[in-house]
Each structure stands twice: as structure tokens, then as C-alpha cells.
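If you're wondering where the values come from, they're calculated on a predicted model, not measured in any experiment. Note on naming: letters A, B, ... go to the chains in the order of the sequence lines (proteins, then strands), and numbering restarts at 1 for each one.
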Amino acid sequence: MEYNPYRALIKEFRRIAEEITGSGDLQVIRARAGFGYLSIPLHDLIRGRPELAREVNDKTSLVKSPYLANLRFINGFLNTDVNLVNYGKLVLDSALALGPSYGKSPDVKPLNIVVEHTSANPLHPLHIGHCRNMVLGDSLVRLLRFMGHRVSARFYLDDTGIQVMYLALGYRHVKDLVRRRIELGLKPDQVMWIVYSVTNAVAEVQRLTRMLEGKGEEEYRELVRERDEWVSVIADWLSKDKELVDSLVKALSSIDVNSEVARMAKAYEDGELGVKELVREAVNLVLRGFEETLNQFDVKFDQYDWESEVAVYNGLAKRVIMDLVKAAPSYVEFKDGVYVFRADKAAAELKLWDELRLPKFVPPATLNRSDGTTLYLTRDVAYAIWCLTNCNPDMVVRVIAVEQTHPQAQLRIMLKLLGFDASRIVHYAYEMVNLGDVKMSSRRGQAVTVDSLLEDAVRRVRAIASGRGGLNIDEVARAVAVGAIRYYFASVSPSKQIVFDWGRVLDMNQNSGPFIQYTYVRAYSILNKANVDVEPGQYTVPTSLSQEEGNLLLMIGEFPETLLKVSEDLKLENLVSFINRLALEFNTFYEKYPVINAEPGVREFRLALVKGVRVVLENSMRILGIPVLSRM
RNA sequence: GGGCCCGUAGCUCAGCCAGGUUUAGAGCGGCGGCCUUCGGAGCCGUAGGUCGUGGGUUCAAAUCCCACCGGGCCCGCCA
């Protein structure tokens with residue numbers, strides 16, 4: 001048995017090649033189709049040494065190895081096939097014996113890892129941008145746990161930001177209406193979205209109206225145009241919930257929203273009781289909505305870190321500024337009541353680019369508002385310090401949109417200057433999700449929510465599944481929809497922008513979550529019907545294998561190595577494409593060869609093979625959070 | 001103006017970090033087939049590509065380097 005059969009195979013090949021060539025440090029690559037399975041380029045070695053080339057060529061036929069076959073020297077490459085009878089047995093025995101742990105690499109040193117993800121501001125329902133974050137983050141959590149690391153999944157809850165105060169202010173005036181709607185079954189974050197967006201719109205209308213005074217004609221027109229946009233935001237919400245919006249607008253009309261919000265922000269940071277209660281109540285309502293959505297996708301957090309608790313009330317955020325002044329006075333400027341951190345200067349003078357993986361340009365950062373309240377970045381530094389101190393992580397993976405590259409770079413520089421090991425903090429950046437040519441704006445009420453995406457997917461799946469009897473359609477539809485959505489977001493490199501396309505997400509054909517689930521069901525039902533449990537060693541690999549059987553053995557053998565690389569690079573999309581290839585190959589095999597009705601001997605082998613495929617599919621699905629179904 | 005990311009088939013994307021062999025891979029969509037066999041959300045076949053452009057490095061470039069073109073994001077009291 002081997003935890004990583006592929007690696008064992010490579011080791012064997014390298015050993016033999018080194019023996020033949022008398023040279024060490026050879027690089028094994030996958031052979032191109034038609035040239036065997038593995039290959040070692042020897043061009044450098046044999047250049048100008050024809051006698052060595054001849055020697056290598058002669059020696060290949062003498063090699064004896066249980067795992068390698070048909071070693072030959074072609075075009076400067078040492079190519080080899082695999083002895084599938086022996087290697088295939090090693091692979092299957094390993095997959096069968098290890099089962100749910102097949103793919104784990106026991107020599108990976110277990111680390112303490114914090115994965116912080118989703119971390120949406122508690123203002124409105126999660127939208128498809130958050131969905132990408134959530135899927136990536138939760139899959140990383142599952143992946144790293146599978147590999148044996150101790151992972152803490154954390155949601156950084158920004159309850160201190162100015163935007164939350166808009167939500168809380170609006171909520172103060174329509175509490176009863178909000179409560180009634182939630183009691184009637186509306187999702188709390190959905191209701192609070194209206195409150196947040198309308199309050200924001202009223203604030204914008206007020207601000208723009210004030211700006212109109214004494215402006216020239218052109219500027220005046222521009223401001224009115226901008227104001228009209230916000231008026232139409234209110235109008236849109238009005239058409240959805242007239243009672244709530246009417247009474248909210250009426251209540252806010254007598255208030256200077258912007259200055260009240262600023263006052264509340266200060267009061268909340270100071271821990272003033274009334275405001276604190278109000279904000280917590282509002283935030284908790286939105287959070288209840290988040291959790292409903294997260295549960296649908298089986299996303300669990302070990303901890304919600306409330307920013308006010310981990311960064312503000314403990315005084316850390318303010319101390320960050322003072323400590324920075326002390327530790328790096330030449331990089332902190334003070335003017336007009338505001339501290340500015342010269343990240344640009346620090347990065348350049350201390351040459352931190354490589355150590356902290358910084359972009360070549362990092363802009364300066366303002367650390368506080370002139371009214372004394374803290375800014376997000378400063379609180380974020382405080383949170384990082386809190387996290388490094390309290391969670392004792394070897395690595396902190398933060399799933400955060402790529403547009404925050406600069407603030408995240410500034411954060412690492414500050415941490416470094418404050419004496420912390422900032423290189424442990426990894427900004428796992430993902431590109432944004434667009435709706436065609438419009439950028440989403442939850443503030444303006446323009447966003448596709450995760451809930452609506454899921455419901456649409458469920459509807460779509462129901463249409464396909466309704467023809468099948470004897471199963472709980474609703475439960476299955478939900479699991480398949482979740483699988484489709486998770487697969488889609490995990491399959492695209494985080495560095496690529498996504499133009500959101502319902503058709504692609506809801507595609508249930510090959511290269512999709514449902515396709516993987518379906519393939520698993522096929523494997524499962526064969527094994528279920530055969531009703532025998534194949535154990536390691538209870539079968540022999542036939543000498544005449546089909547192409548498909550051989551490919552499946554090789555792929556099962558590659559799984560641990562693939563997974564190891566995926567977990568080192570944090571590239572989930574490579575796991576996705578691996579299982580898609582495996583599923584394609586398995587379905588080809590499935591169509592062509594009987595398993596249960598195969599002749600004795602072959603039957604046992606094929607059952608073992610199917611079981612091996614099932615093990616790899618199941619482990620992969622668990623890592624990607626694709627629900628595992630036995631019927632669908 | 002500066003920095004970062006993306007550009008591969010009509011469309012959506014792997015492959016690039018650690019270059020490798022003669023035909024650069026998937027899916028969707030086209031077109032043509034397969035329901036007497038373990039579940040057809042499947043399978044088989046077929047058409048479709050100057051790997052954005054131009055240089056360079058190399059025995060060898062989609063992959064590394066440089067320049068340019070196209071798209072996106074960021075660049076001090078939002079997050």
C-alpha cells in the first residue's frame with residue numbers, strides 16, 4: 001500500500017534512469033500522448049555525447065522493474081509505459097485500504113491555519129460576488145482539513161463600518177414593520193436590504209440637494225441627474241414594499257441622515273449603550289439571514305469575529321496608530337488631525353516586496369477620520385494582530401476581493417513594522433463577478449442574491465428530476481443545485497473575472513457538479529447492486545486491460561499527487577478539472593464494459609476499479625462541498 | 001501617469017508558476033449517430049485554433065524575457 005502511488009512510481013523511474021545514465025537530478029514529466037506514460041528528457045545530458053545516447057538506448061531493454069514496462073529511448077526522451085498489472089494493483093489496494101483518507105499525504109506537516117472568508121458586511125443578503133468568496137473559502141477550509149491541517153474557519157464581521165450605521169439608523173425608525181415581515185416568513189437580510197438601501201438613498205438625496213446651492217448650470221444639471229438616480233432607487237423599492245419604504249422615507253425626512261450616521265459611528269465605537277444595542281440588533285438580523293443561506297450550502301464557521309470586539313473595544317485599533325508612530329515614526333505623518341501611513345516609502349526603503357509579496361507600488365494610507373474614529377484598514381490591522389496573537393496561526397488565508405490588493409499590502413507592511421510576521425498572511429485574491437456590463441451595487445439594490453440563484457437552480461433541477469419516481473425531489477433538487485453552483489465557482493481560476501451567466505451556472509451536463517454527482521451515483525449503484533465488498537487483495541488485475549480501465553487505474557493513482565499540489569498551490573480549479581476528467585473516463589468505461597455481469601475474475605477486478613473511482617470521487621466531492629448522493 | 005490581473009475553438013474555461021516529443025485539451029453551442037445490457041443528468045463520431053500582436057532567450061516556447069494592442073481593477077479620512 002502507498003499513500004501516493006504515483007510518487008512511488010516516479011521514484012522508481014528516476015532511480016532506474018539514474019542508473020542507466022549515471023546522472024542524478026533528472027526530471028520526470030508526463031509523456032505526451034503516444035509516447036507512453038512517463039518521460040525523462042535527456043537532451044542536455046546527451047548533447048555532444050553520442051556514445052552515452054547509444055549506451056542509454058542499449059540499456060533500456062535490460063531493465064527489470066515491477067512497475068515499469070517497455071522502456072525506450074526516443075527523440076532524446078527516455079519514455080516508459082507502466083506495468084498495470086502490478087502498478088494497478090498497488091493503486092487499487094491503496095485506494096481501497098485507505099478509503100476516506102485516500103489522497104491524504106501523511107508526510108505533510110500539520111499546520112495551524114486560519115481561513116477567513118465570506119466576511120460580507122452585514123447590510124444586505126449575500127450576492128453572487130460573495131458566493132464566489134464563500135465557495136472558494138469553504139472549499140479551502142475543507143481541502144486543508146482533508147490534508148490534515150488544523151483549520152479555523154472565521155467570518156470577519158465588520159459591524160463598526162459607517163455603512164452599518166445607515167442600516168441601524170433606518171432600522172431604528174421601522175423596527176415594528178421589519179419585525180412583522182420577518183414573522184410573516186420573509187428572510188431578515190432581505191428586509192434589511194430595503195432598509196439599508198433606502199436609508200442610503202435618502203442620505204444621498206439630502207447630500208446632493210445641499211450641494212445644489214450656488215452651482216453653475218452645468219454642474220447643477222449633473223448633480224440633479226445623480227440625485228435622480230437615487231430617487232429612482234427609492235422608487236424601485238417602493239414598488240416592492242410600499243408600506244415599509246413610505247414610512248422609512250417619512251421618518252428620515254426630518255433627520256440629517258449623514259451627520260446622524262457619523263454621530264452613531266462615533267457613539268458605537270465609544271460603546272454608548274443605546275446605539276450599541278440598536279446596531280447589534282440590526283446586525284444580528286442580517287446575520288440570521290446570512291446563516292440561513294450559508295446552511296443551504298453547508299458552509300460552517302468556527303467563529304464570527306465581531307470587529308467591535310476584536311479591534312475596537314479592546315483599544316487595539318487606536319493603539320495600532322500610536323504603536324506605529326513609535327515603531328516607525330519616519331513613515332507616519334500627521335496633518336489636519338489625521339495620521340497617514342507612508343506605505344509607499346516604507347516598501348521602497350525597506351525593500352519588503354519579496355518578503356511580503358507586495359506590488360511594486362503601494363499607495364499611502366490614511367489611518368483615522370478627523371473626528372477620531374478609526375478606519376477600516378486600521379481596524380483590520382488590529383484584527384490581524386488579534387488573530388496572530390490569539391489563534392497562533394502558521395498561516396492566515398484571507399479570501400478577499402482583488403480590488404483590495406493595496407489595503408492588504410498596506411496591512412502587511414504595518415504588521416511587519418509592528419514586529420509581527422506578516423508573511424504568514426496570505427491574501428487569496430479573487431476577481432469580481434459582473435452582471436454583463438453592469439457592476440453590482442447592493443447599495444443601489446442591484447445584485448443577484450445567492451438565495452435567488454439557488455432557488456432558480458432548484459427550479460431548474462426539479463424540471464429535470466420530476467420524471468424520476470421514488471425519491472424526495474425537493475431534497476435532491478437542493479443538493480444538485482448546490483453542487484452545480486459550487487462546482488461552477490470552484491472551476492474558474494480566482495484570477496479570472498466572471499461575467500455572470502445563468503446558463504453556465506445552471507448547466508447540468510458534463511463538466512458540472514451534477515455530472516460528477518451523477519457519475520458517483522452510477523458507481524454507487526453498481527457496487528450496491530453487486531452487494532459484495534471488494535477488499536484489497538481480493539482480485540487480480542487482468543493482463544489484458546482496456547484503454548479505459550488502464551486510464552482509470554492511472555488516474556486513481558494520480559489523485560494523491562494532484563491533491564497535494566492543489567493544496568500547496570491552493571488551486572481548486574485543478575481538482576475540479578481532475579474529477580471531471582475522471583468522470584468522463586468512468587462514463588466511457590461504464591457504457592462499454594459490464595461489471596456485475598462480467599466473467600468471474602474480471603468481475604472482481606472491475607468491482608474494485610469502480611470502488612476506487614468512487615473513493616476518489618467521494619473524497620473530491622467532500623473537499624469541494626458537492627453533496628454526495630446515492631440516488632438522484 | 002503608476003501598479004496589479006486577464007487575453008487559448010463561435011461561447012465558457014483547463015494547461016503557463018517548475019519549457020519538452022508527431023496531432024494544444026475539456027464543456028457548451030453546430031452537425032450526424034446510440035435506448036434487448038449495471039440509471040440516457042449518459043455515450044460515440046464530426047467540424048471548429050495565426051494559443052492577442054511583434055521581437056528575444058533556447059536544441060526545444062501557449063509556457064520564460066521585452067515591447068506593444070485590447071479588456072478589467074486599484075492609486076489618503078468607503079469597505
> Can you list every pair that meets side chain to side chain donor-acceptor pair (under 3.5 Å) and has a residue in residues 351-362 of chain A, with sequence neighbours left out?
Replying inline: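 For residues 351-362 of chain A, and leaving out neighbouring residues, the side chain to side chain donor-acceptor pair (under 3.5 Å) pairs sorted by first residue read Glu355(A)-Lys416(A).
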
>> Under the side chain to side chain donor-acceptor pair (under 3.5 Å) definition, can you give me all pairs with a residue in residues 26-43 of chain A, not counting sequence neighbours?
In response: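 Side chain to side chain donor-acceptor pair (under 3.5 Å) check on residues 26-43 of chain A returns Arg30(A)-Glu558(A), Tyr37(A)-Glu558(A), Ser39(A)-Asn79(A).
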
> How close or far is atom P of rC28(B) from atom OH of Tyr487(A), stated in whole angstroms?
Replying inline: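 Spelled out: OH on Tyr487(A) to P on rC28(B) is 11 Å.
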
Any base atoms under 4.0 Å from [X], or only sugar-phosphate, or nothing? Heavy atoms, all strands.
X         : value
Ala31(A)  : base
Pro359(A) : sugar-phosphate
Tyr339(A) : nothing
Val576(A) : nothing
Arg522(A) : sugar-phosphate
Val402(A) : nothing
Tyr593(A) : base

> What interatomic distance, in whole Å, is found between C1' of rU46(B) and the corresponding atom of rC65(B)?
Replying inline: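 Result for the C1' pair: 41 Å, nearest Å.
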
>> I want to know whether Trp306(A) and Tyr304(A) have ring centres closer than 6.0 Å.
In response: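 Aromatic pair excluded; centres sit 6.0 Å or further apart.
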
It should be established whether [X] places a side-chain nitrogen or oxygen under 4.0 Å from OP1 or OP2 of nucleotide [N].
X         : N       : answer
Thr588(A) : rC44(B) : yes
Asn509(A) : rG42(B) : yes
Lys360(A) : rG2(B)  : no

The side chain of [X] lies closest to which of these nucleotides: [options]?
X         : options                   : answer
Met632(A) : rA41(B), rC59(B), rG2(B)  : rA41(B)
Glu431(A) : rG42(B), rC5(B), rG76(B)  : rC5(B)
Tyr518(A) : rC59(B), rG76(B), rA41(B) : rA41(B)

>> Looking only at side-chain N and O atoms, does Glu333(A) offer a donor or acceptor that is under 3.5 Å from a partner on Tyr339(A)?
In response: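 No, Glu333(A) and Tyr339(A) have no side-chain donor paired with an acceptor closer than 3.5 Å.
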
> Can you find a side-chain donor-acceptor pair between Glu549(A) and Ser546(A) that sits under 3.5 Å?
Replying inline: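 Ser546(A) and Glu549(A) do have a side-chain donor-acceptor pair below 3.5 Å.
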
Residues 488-496 of chain A, side-chain donor-acceptor partners within the protein, below 3.5 Å, at least two apart:
| from | atom 1 | to | atom 2 | distance (Å) |
| --- | --- | --- | --- | --- |
| Ser491(A) | OG | Tyr487(A) | O | 3.4 |
| Ser491(A) | OG | Tyr488(A) | O | 2.8 |
| Ser493(A) | OG | Glu573(A) | OE2 | 3.3 |

Donor-acceptor pairs under 3.5 angstrom involving side-chain atoms of residues 124-131 of chain A: please list them, not counting sequence neighbours.
| from | atom 1 | to | atom 2 | distance (Å) |
| --- | --- | --- | --- | --- |
| His127(A) | ND1 | Gly129(A) | N | 3.0 |
| His130(A) | ND1 | His127(A) | N | 3.0 |

>> Holding to side chain to side chain donor-acceptor pair (under 3.5 Å), I want the full list of residues that pass it with Tyr539(A), two or more places apart in sequence or in another chain.
In response: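 Side chain to side chain donor-acceptor pair (under 3.5 Å) check on Tyr539(A) returns Asp93(A).
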
>> Once side chain to side chain donor-acceptor pair (under 3.5 Å) is applied, do any residues pair with Gln497(A), and if so which ones, sequence neighbours excluded?
In response: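 If we apply the side chain to side chain donor-acceptor pair (under 3.5 Å) test to Gln497(A), skipping adjacent residues, there are no hits.
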
> When you match Ile526(A) and Phe361(A) each to their closest nucleotide on RNA chain B, which lands nearer the 5' end?
Replying inline: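 Here Phe361(A) is the residue nearer the 5' end.
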
Atom pairs under 3.5 Å: protein N/O with N/O of nucleotides 63-65 of chain B:
none

> With sequence neighbours left out, what residues match Ala382(A) under side-chain contact (heavy atoms from CB on, under 4.5 Å)?
Replying inline: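 Residues passing side-chain contact (heavy atoms from CB on, under 4.5 Å) with Ala382(A): Ala311(A), Leu316(A), Ala317(A), Val320(A).
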
> For Asp569(A), what residues pass the side-chain contact (heavy atoms from CB on, under 4.5 Å) criterion, not counting sequence neighbours?
Replying inline: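 Once residues adjacent in sequence are excluded, the partners of Asp569(A) under the side-chain contact (heavy atoms from CB on, under 4.5 Å) criterion are Lys565(A), Lys571(A).
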
>> Counting only heavy atoms from other residues, nucleotides and ligands, does the tally under 6.0 Å from CD of Gln547(A) exceed 12?
In response: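 12 or below, so no.
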
>> When you compare the side chain of Leu42(A) with that of Val56(A), does any pair of heavy atoms fall below 4.5 Å?
In response: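 Val56(A) vs Leu42(A): side chains touch.
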
> What one-letter contact string describes nucleotides 7-17 of chain B from 5' to 3', where B marks a base within less than 4.0 Å of any protein heavy atom, S marks contact via sugar-phosphate atoms alone, and - marks no contact?
Replying inline: S----SSSS-B

> Which pair of heavy atoms, one from Gln408(A) and one from Asp380(A), lies closest together, and at what distance?
Replying inline: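 Residues Gln408(A) and Asp380(A), closest heavy atoms: NE2-OD2, 3.2 Å.
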
> Between the side chain of His427(A) and the main-chain N/O of Ala409(A), is any donor-acceptor distance below 3.5 Å?
Replying inline: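 No, the answer is negative, given that no donor and acceptor are paired below the 3.5 Å cut-off.
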
Show the distances under 3.5 angstrom between N or O atoms of the protein and N or O atoms of nucleotides 77-79 of chain B.
| from | atom 1 | to | atom 2 | distance (Å) |
| --- | --- | --- | --- | --- |
| rC77(B) | O2 | Ser370(A) | N | 2.7 |
| rC77(B) | O2 | Ser370(A) | OG | 3.4 |
| rC78(B) | OP2 | Arg369(A) | NE | 3.3 |
| rA79(B) | OP1 | Arg369(A) | NH2 | 3.0 |
| rA79(B) | OP1 | Arg379(A) | NH2 | 3.4 |
| rA79(B) | OP2 | Tyr376(A) | N | 3.1 |
| rA79(B) | O3' | Asp158(A) | OD2 | 2.1 |
| rA79(B) | O2' | Asn121(A) | ND2 | 3.1 |

> Is rG76(B) in the syn or the anti form, by the rule that syn lies within 90° of 0?
Replying inline: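 With its glycosidic angle within 90° of zero, rG76(B) counts as syn.
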
> For RNA chain B, which ranges pair as stems of 3 or more consecutive Watson-Crick or G-U pairs, with both donor-acceptor distances under 3.5 Å?
Replying inline: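 Runs of three or more consecutive pairs: B:1-7 with B:69-75, B:10-13 with B:25-28, B:30-34 with B:42-46, B:52-56 with B:64-68.
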
>> Under 3.5 Å, is there any donor-acceptor pair linking the side chain of His406(A) to the base of rG3(B)?
In response: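 Absent.
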
